[in-house]
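Everything below concerns the one structure shown next.
Naming convention: chains lettered A, B, ... in sequence-line order (proteins, then strands); numbering from 1 in each chain.
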Protein chains: 2
Amino acid sequence: MNKFGLFGKFIAKDGDRDKLVAILLEAAASMQSLEECEIYHVSISEDEPNAIFVYEVWSDQTAHQESLSLESTKKLITHAKTMITGMERISTLIPIGGKVS
Amino acid sequence: MNKFGLFGKFIAKDGDRDKLVAILLEAAASMQSLEECEIYHVSISEDEPNAIFVYEVWSDQTAHQESLSLESTKKLITHAKTMITGMERISTLIPIGGKVS
């Protein structure tokens, strides 16, 4: 089965970007022991002050889907929702590999 | 200084995608000992059969810039050029962190 990758963008309410970054980093931390989650990497952008980008790599699409029903994820999503004004899935990917350090 | 991140896309000539993926994986391998290159991750996409996506994270923009003048990189770029019909920088990023395994 192919690995499953996503590159997406969240748009935070004015003034909430850094709080939302903190929640997404908490989500990443909560997945440290989740082997199927190989990469969950958070970035911001100079060009878009309210945007937060997440690059994700999962062992497969099922693993990604199942992660959305974890208690820890559901709690973070509920909290994050109050700060999000928009979301965009930029690319759906089949990760091959490369350097990850 | 901020970390520097990129998410970009190469378009390969018909029939050359997998050869180009191999070259990009070779580029990633050549950067294993290059500490400033933290992530160089290659993906393909079901939606775009000739597209190859690269997610990069560098210690800073200067490190990324300098990597382009390495002999190993220049050799790979020369080789890859013959297979590339298009390139697109999708996002320029300030990487914050997250899970990388």
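Between the B/K99 side chain and the A/I39 main chain, no donor and acceptor come within less than 3.5 Å of each other.
Listed in order of number, the residues of residues 81-98 of chain B that approach chain A to under 4.5 Å between heavy atoms are B/I90, B/S91, B/T92, B/L93, B/I94, B/P95, B/I96, B/G97, B/G98. The stretch residues 1-10 of chain B places B/F7 near chain A, each with some heavy atom under 4.5 Å from a heavy atom of that chain. Among the residues in residues 53-77 of chain A, those with a non-hydrogen atom closer than 4.5 angstrom to a non-hydrogen atom of chain B are A/F53, A/Y55, A/V57. Contacts between residues 16-27 of chain B and chain A, defined by a heavy-atom separation under 4.5 Å, are made by B/V21, B/L25.
Separating the NE2 atom in A/H41 from the CD atom in B/E38 is a distance of 7.0 Å, to the nearest 0.5 Å.
Of all the listed residues (B/A28, B/C37, B/A51, B/S101), the one sharing the greatest number of non-hydrogen pairs under 4.5 Å with chain A is B/S101.
Hydrophobic clustering, with ILVMFWY side chains joined whenever heavy atoms are under 4.5 angstrom apart, groups B/I52 together with B/M31.
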